[in-house]
Amino acid sequence: MGWCPVVPLPLVPLVLGICFGWCATLVAGCTTIAAGKRATADGSTMCAHSNDGDGDTAGNLMTVPPATWSPNTRRNVSGGDIPQVPSTLGYFTKPGGYASTNEYQVGLAESTCNSRLKGNRSAGAILNIVDLSELGLERAKDARTAVQTMGTLAELHGYYDEGESLLVIDPGDVWIFQVLPDDSQRSAVWCAQRVPDDHVAVVANSFTIREVDLTNQQDFLCSSNVEAVAARTGRWAPGRPLDFAAVFSGPEHGKKYSTGRRMWRIYNLLGDPAAAAALPEMYTEFVSAAPYPPSLVTVPASLRVTNLTNAMRDQYEGTRFDMTTGMAAGPAGTPDRWLPGAGEAEVLGAWERAISLSRTIVSYVIQSRGWLPREVGGTLWFSVHAAHTSLYIPFPVGHTLSGTPSLPPGLTNNSLGAVGRGVSFYQASRFVHNAAQHRFGHAIQVVKATQRGLERSASALQAEQVAQYVNGSATIAEVAAQFNQNAVDMVAAWWSLADQLVVTVGCDSGHDGYPAWWLRAPDVGYTDGPPPAPPVPTVPGL
């Protein structure tokens, strides 16, 4: 449903027309991160997810409240229906997309993976990854139970989707859950590995679970058929170590390094420096080379929400893969790249796959804090569009409970076809992104400073509201209302920033000139441009 009324304003065609070609980047997929409780500064667990689509869907957020169900109720799923349980939990989700976190602080972060075995809905399987994410959060109060619920239902009712990964957290544990269709196309193969408490894990569109120890049920959970299906693939034999990724993973999505580069970068940003330095930048082939572990040790108690949001906004700045430098970034230094067109069909090549993309639909960071009441212990920091030019806005998981106010329409009713000026979070982020492109190197510094200020204020609000809920001076409905107002205020500030960027860094608002390295480049043509005008000659005989 679009915004109404839509008021045409002079700035709308300007900002929409400047750079909307930048709103799509290469290689489909999602980036996910998780951190254990000993890796974080406050003892929380955290996970992060970006839903990097095709730039053709606006990002929205919704809540599904808890519910009770009559006996013999059926629960609709994408391919049919299954028996409903007597009661279900409340959770946050993206409409038509993956569920994110529930009222018991169980959080999920999804990433599609290229699997060797493919599903076929017509064979009788009825579940996809969206179904599993919803069912896991509806029915589980801890991460282990969520893993077992999703895996058991996938085996029982059949899983027809792509290979998928879900990082699953609760206040105490972090798990990597990876699933694919089985070779009958009527069931599923899955495995889950517990992440050590002092580690950070990354999944970026490839399976990452390696050697599986089926005797260690404390740290590994797997489908009952995992060995039998592995043997039938011809890539494993009984008596040998079972490398889940080596057996079940296809090649990297898109181009080489599309998975590995992101893993390498995030481990270098968040991992222990000595451990990260030992990781290779390059490798022969991702699946067989196994260049990066499923998780990496961190500096103890080093990670905060801002570390994860900064990682989600990254484009390899300061590395030799920096997307803000060189001719491809242009004189403005933009890291954003267009989707392929006619030119790419003629020229062999590829761009690096950045972590933050301008075609992202939503991204988020989830905090789970077991020492607090669950209603305010869990927080969803929610963002839309390109993370590097958007905001992360917090909401407590208690917002999913009955009796709390509805989320603001600027986060629930976004549309690509209507601006919703002053209200729409998605379009505000889109406007900021496009307004920044003309002089990106300068504009992004303004954007980052504004992000820091607004998100720091949101953190202060979070601490204040947690304290009020804990001491009994505010109900969860009152707390949710405060977070709603904060969201409205943050979105309004982002619209103001969009206007500020048009005024201060737009085409006619002054300029720092072009960088000398770019002017010297032969293909630019500046050094071969017209020479200075010659002086007017004197008049002969005078």
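Residue numbers run from 1 in the order of the sequence given.
- Between the side chain of Ser115 and the backbone N or O of Leu117, at least one donor-acceptor pair lies under 3.5 Å.
- With sequence neighbours excluded, no residue satisfies ring pair (Phe, Tyr, Trp, His ring centres under 6.0 Å) with Tyr160.
- Classification of the Trp190-Phe177 ring pair by plane angle, with boundaries at 30° and 60°, yields tilted.
- Counting non-hydrogen atoms of neighbouring residues, nucleotides and ligands closer than 6.0 angstrom, the NZ atom of Lys141 reaches no more than 12 such neighbours.
- Side-chain polar atoms of Asp314 and His388 form no donor-acceptor pair below 3.5 angstrom.
- Side chains of Ser429 and Ser390: a donor-acceptor N/O pair is present below 3.5 angstrom, by distance only.
- Between the side chain of Thr63 and the main chain of Pro65, no donor-acceptor pair closer than 3.5 Å is present.
- Within the 3.5 Å criterion, the main-chain N or O of Val287 finds a donor-acceptor partner in the side chain of Glu285.
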Walk me through whether Asp81 and Asn76 qualify under side chain to side chain donor-acceptor pair (under 3.5 Å).
CA-CA 4 Å; Asp81 59 70; Asn76 290 330; over 6 Å; no

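- Looking only at distances, no side-chain donor or acceptor of Arg261 sits under 3.5 Å from a matching main-chain atom of Ala354.
- Looking at Glu252 and Asn114, their side chains never bring a donor and an acceptor atom within 3.5 Å of each other.
- Between Arg320 and Glu281 there is a salt bridge, since at least one side-chain N of the basic residue sits less than 4.0 Å from a carboxylate O of the acidic one.
- Leu357 places a side-chain heavy atom less than 4.5 Å from the side chain of Arg353.
- Donor-acceptor pairing under 3.5 Å is recorded for the side chains of Ser424 and Asn414.
- When only modelled atom types and interatomic distance are considered, Trp381 and Gln367 share a side-chain donor-acceptor pair under 3.5 Å.
- Other residues, nucleotides and ligands contribute at most 12 non-hydrogen atoms within 6.0 Å of the CZ atom of Arg38.
- Partner of Phe220 under the side-chain contact (heavy atoms from CB on, under 4.5 Å) criterion, chosen from Asp213, Val226, Leu214, Thr215: Asp213.
- The aromatic rings of Tyr292 and Tyr283 lie perpendicular to each other, with more than 60° between the two planes, well past the 30° mark.
- Between Phe92 and Phe395, the ring planes lie tilted relative to each other; the angle falls in the 30° to 60° range.
- A side-chain donor-acceptor contact under 3.5 Å links Thr112 and Glu110.
- Heavy atoms of other residues, nucleotides or ligands lying less than 6.0 angstrom from CG of Asn72 number 12 at most.
- Counting only distance, with no hydrogens or angles, the side chain of Tyr159 and the backbone of Ile126 share no donor-acceptor pair below 3.5 Å.
- Sorted by first and then second residue, the salt bridge (Lys or Arg N to Asp or Glu O under 4.0 Å) pairs involving residues 215-240 (not counting sequence neighbours) are Asp183-Arg232.
- A side-chain donor-acceptor contact under 3.5 Å links Ser187 to the backbone of Glu155.
- Classification of the Tyr364-His49 ring pair by plane angle, with boundaries at 30° and 60°, yields tilted.
- Counting heavy-atom neighbours within 6.0 Å of Arg75 CZ, excluding the residue itself, gives a total above 12.
- Under a 3.5 Å cut-off, the side chain of Gln105 and the backbone N or O of Gly378 do form a donor-acceptor pair.
- Classification of the Phe382-Phe425 ring pair by plane angle, with boundaries at 30° and 60°, yields tilted.
- Side chain of Asp322 to main chain of Thr319: no donor-acceptor pair is present (N/O by atom type, distance under 3.5 Å, no hydrogens or angles).
- Not one N or O on the side chain of Thr45 forms a donor-acceptor pair closer than 3.5 Å with the backbone of Gly36.
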Let's go through Tyr392 and Ser363 carefully: what are the C-alpha distance in whole Å and the side-chain angles of both, what is the deciding distance for side chain to side chain donor-acceptor pair (under 3.5 Å) to 0.1 Å, and is it a yes or a no?
CA-CA 8 Å; Tyr392 283 93; Ser363 65; 2.9 Å; yes

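- More than 12 heavy atoms of other residues, nucleotides or ligands shown are found within 6.0 angstrom of CZ on Arg144.
- A side-chain donor from one of Ser111 and Asn205 sits under 3.5 Å from a side-chain acceptor of the other.
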Please lay out, stage by stage, how Trp69 and Ser87 fare under the test side chain to side chain donor-acceptor pair (under 3.5 Å).
CA-CA 6 Å; Trp69 304 93; Ser87 63; over 6 Å; no

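- Judged purely by distance below 3.5 Å, without hydrogens or angles, the side chains of Asp131 and His157 never pair a donor atom with an acceptor atom.
- Using a 4.0 Å cut-off between charged nitrogen and carboxylate oxygen, Glu455 and Arg313 count as a salt-bridge pair.
- Side-chain atoms of Asn102 come within 3.5 Å of backbone atoms of Leu137 as a donor-acceptor pair (strictly under, hydrogens ignored).
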